[in-house]
Amino acid sequence: MNILILGGGGREHALAWAVKQNPKCDRLIVAPGNAGIAMLAECADLDILDGAAVVGFAEENAVDFVLVGPEAPLAAGVADALRAAGVAVFGPSAAAARLEASKAFTKDICDACGAPTAGYARFTDRAAAQDHVRAQGAPIVVKADGLAAGKGVVVAMTVAEALAAVADMFGGSLGAAGTEVVIEEFMDGEEASLFVLCDGKDVLPIGTAQDHKRVGDGDTGPNTGGMGAYSPAPVLTEAVLAQAMEEIVKPTVAEMARRGTPFQGVLYAGLMIRDGRARLVEYNVRFGDPECQVIMMRLGAQAFDLIQACAEGRLSGMSVNWAEDHALTVVMAANGYPGSYAKGSQIRGLEELPEDSAHMVFHAGTAARDGSFIAAGGRVLNVTARGATLAEAQARAYAMVDRIDWPGGFCRRDIGWRGIGRP
Ligand code: AMP
Ligand code: GLY
């Protein structure tokens with residue numbers, strides 16, 4: 001098969017790595033890709049937000065299957081355009097992608113299907129929103145309704161902070177994403193992510209993970225896109241997983257189908273777990289980045305069989321062939337990230353690292369220059385390893401990190417601490 005992956009980060013490198021190992025894959029193209037992806041696939045220059053352009057490219061290149069990585073093309077209807085043109089695609093319609101693109105929509109769905117989540121109220125008026133904040137008190141969570149590239153959520157520890165966030169969002173700081181604001185009850189607990197393939201009617205959980213959102217060791221400093229992840233997440237025990245599937249994921253999928261907008265793709269449920277019960281924090285309609293890297297490391301070649309079955313509505317016959325293993329990824333970022341950072345610093349030593357089913361460096365933001373790699377983004381490398389235990393996966397990942405010569409970058413040294421510290 002000729003397979004096209006849309007995206008160009010560490011998530012897409014991990015997807016490409018898994019797809020490439022599957023014997024069904026004859027030709028693999030990634031658009032736009034990056035310097036790491038270019039070592040295992042063809043990279044193509046293509047506007048991935050333009051449905052007509054993606055369809056045209058797929059037709060010209062006899063593409064049999066398209067896998068959409070990020071949320072933006074999904075929200076823009078690229079999967080709809082491909083389906084309408086008869087091209088097989090993994091990823092939800094724009095209507096179903098509203099589960100990520102609109103927080104208010106997701107809250108409506110939770111109400112309709114009884115999925116446990118934080119109490120909330122919706123506002124299109126600043127004064128009413130601020131009155132609500134004063135009445136509720138802090139801590140409280142303020143969210144812009146629309147897609148805001150991770151900047152639309154403020155977990156306010158004080159009323160003053162919450163009022164300022166409301167003023168900011170209605171003041172236009174996030175553009176159209178902030179014309180409606182959702183104010184939520186603060187949920188305490190431990191966060192974890194659950195990844196579930198959905199073919200519109202059947203569901204198949206394909207892994208759990210925990211991210212590290214803060215930039216500094218010990219979960220300190222500003223939020224980032226994610227500084228590292230591991231899978232599985234021990235807090236999602238079999239019992240909690242079963243409860244989350246029965247009370248949150250399955251009712252959501254049924255409600256989406258009932259509304260005539262079935263969800264097809266990977267549903268990423270962000271969960272807050274407390275006292276052995278999960279509540280929904282939010283949905284994403286794509287793989288997490290860097291969570292995808294650890295999930296792909298564990299699934300390997302079978303990932304494409306599952307993804308294809310999902311796109312073709314055949315999930316009911318599928319199961320995951322699990323190994324009793326753990327995967328962990330350490331994000332190496334450019335100095336200064338998540339603030340301003342320089343691009344172009346040279347990265348040495350990648351060629352000498354092991355590359356096998358237990359060791360892989362996925363590239364997030366790299367470019368090639370004169371035969372070597374340079375940093376071309378904020379999050380740059382995802383140093384990923386597998387092991388029989390989480391501690392082994394962690395030791396292997398950091399052993400690789402220590403062999404990478406990149407003075408322009410840094411990483412957290414404690415990825416996995418929550419899981420490893422668990423009794
Ligand atoms: P997002 O940027 O949409 O991924 O959400 C940001 C983060 O804010 C989540 O991962 C949680 O850590 C936190 N968060 C969102 N909603 C709540 C809530 N109701 N209670 C506590 N924390 C929350
Ligand atoms: N790592 C968080 C996300 O992909 O949204």
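None of these values were measured; they are calculated from a predicted model. Every number for a ligand or one of its atoms is a count from 1 in the order of the listing.
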Colleague: Determine whether the aromatic ring centres of residues Tyr230 and His326 are separated by less than 6.0 angstrom.
Modeller: no
Colleague: Can we say Arg386 and Asp356 salt-bridge, meaning some charged N sits less than 4.0 Å from an Asp/Glu carboxylate O?
Modeller: no
Colleague: Which of the numbered atoms in ligand 1 are below 4.0 angstrom from a heavy atom of Val155?
Modeller: 8 (O), 13 (C), 14 (N)
Colleague: Going by the order shown, which atoms of ligand 1 are within less than 4.0 Å of some heavy atom of Lys143?
Modeller: 15 (C), 16 (N)
Colleague: Evaluate Val153 for polar contact with ligand 1, using N/O atom pairs at a separation under 3.5 Å.
Modeller: no
Colleague: Anything under 3.5 Å between an N or O on ligand 2 and a protein N or O? List each pair with its distance, or write none.
Modeller:
{"from": "ligand 2", "atom 1": "1 (N)", "to": "Asp211", "atom 2": "OD2", "distance (Å)": "2.9"}
{"from": "ligand 2", "atom 1": "1 (N)", "to": "Gly225", "atom 2": "O", "distance (Å)": "3.2"}
{"from": "ligand 2", "atom 1": "1 (N)", "to": "Asp289", "atom 2": "O", "distance (Å)": "2.9"}
{"from": "ligand 2", "atom 1": "1 (N)", "to": "Glu291", "atom 2": "OE1", "distance (Å)": "2.9"}
{"from": "ligand 2", "atom 1": "1 (N)", "to": "Glu291", "atom 2": "OE2", "distance (Å)": "3.2"}
{"from": "ligand 2", "atom 1": "4 (O)", "to": "Arg286", "atom 2": "NH1", "distance (Å)": "2.9"}
{"from": "ligand 2", "atom 1": "4 (O)", "to": "Asp289", "atom 2": "N", "distance (Å)": "2.9"}
{"from": "ligand 2", "atom 1": "5 (O)", "to": "Arg286", "atom 2": "NH1", "distance (Å)": "3.3"}
{"from": "ligand 2", "atom 1": "5 (O)", "to": "Arg286", "atom 2": "NH2", "distance (Å)": "3.0"}

Colleague: Going by the closest heavy atom to atom 19 (N) of ligand 1, which one wins out of Lys213, Glu184, Met187?
Modeller: Glu184
Colleague: Select one of side chain, backbone, both or neither to describe which atoms of Glu185 lie under 4.0 Å from any atom of ligand 1, heavy atoms only.
Modeller: backbone
Colleague: For residues 187-201, pull every pair meeting salt bridge (charged side-chain N to carboxylate O under 4.0 Å, His left out), keeping only residues two or more places apart or in separate chains.
Modeller: Glu190-Arg422
Colleague: When you look for heavy atoms under 4.0 Å from ligand 1, do you find them on the side chain of Arg214, its backbone, both, or neither?
Modeller: neither
Colleague: Provide the number and element of each atom of ligand 1 under 4.0 Å from a heavy atom of Ala118.
Modeller: 19 (N)
Colleague: Using a 4.0 Å cut-off to any heavy atom of Glu282, which atoms of ligand 1 qualify?
Modeller: 1 (P), 3 (O), 4 (O), 5 (O)
Colleague: Any salt bridge linking Asp80 with Arg83? Criterion: basic side-chain nitrogen under 4.0 Å from a carboxylate oxygen.
Modeller: no
Colleague: Looking only at side-chain N and O atoms, does Lys213 offer a donor or acceptor that is under 3.5 Å from a partner on Thr224?
Modeller: no
Colleague: Go through the structure and list residues passing ring pair (Phe, Tyr, Trp, His ring centres under 6.0 Å) with Phe304, not counting sequence neighbours.
Modeller: Phe65
Colleague: Any carboxylate oxygen within less than 4.0 angstrom of a Lys/Arg side-chain nitrogen, looking at Arg418 and Asp219?
Modeller: yes
Colleague: Does Arg277 come within less than 4.0 Å of Glu247, counting only side-chain N to carboxylate O?
Modeller: yes
Colleague: Salt bridge between Asp168 and Arg126, side-chain N to carboxylate O under 4.0 Å?
Modeller: no
Colleague: Is there any salt bridge (charged side-chain N to carboxylate O under 4.0 Å, His left out) pair reaching into residues 226-237, and which pairs are they, with sequence neighbours excluded?
Modeller: none
Colleague: Identify whether the distance between the nearest side-chain nitrogen and carboxylate oxygen of Arg122 and Asp145 falls below 4.0 Å.
Modeller: no
Colleague: Only heavy atoms of Lys103, strictly under 4.0 Å: list the atoms of ligand 1 that pass.
Modeller: 3 (O)
Colleague: Considering Val141, Asn284, Leu271, Ile140, which one's heavy-atom position lies nearest to atom 17 (C) of ligand 1?
Modeller: Val141
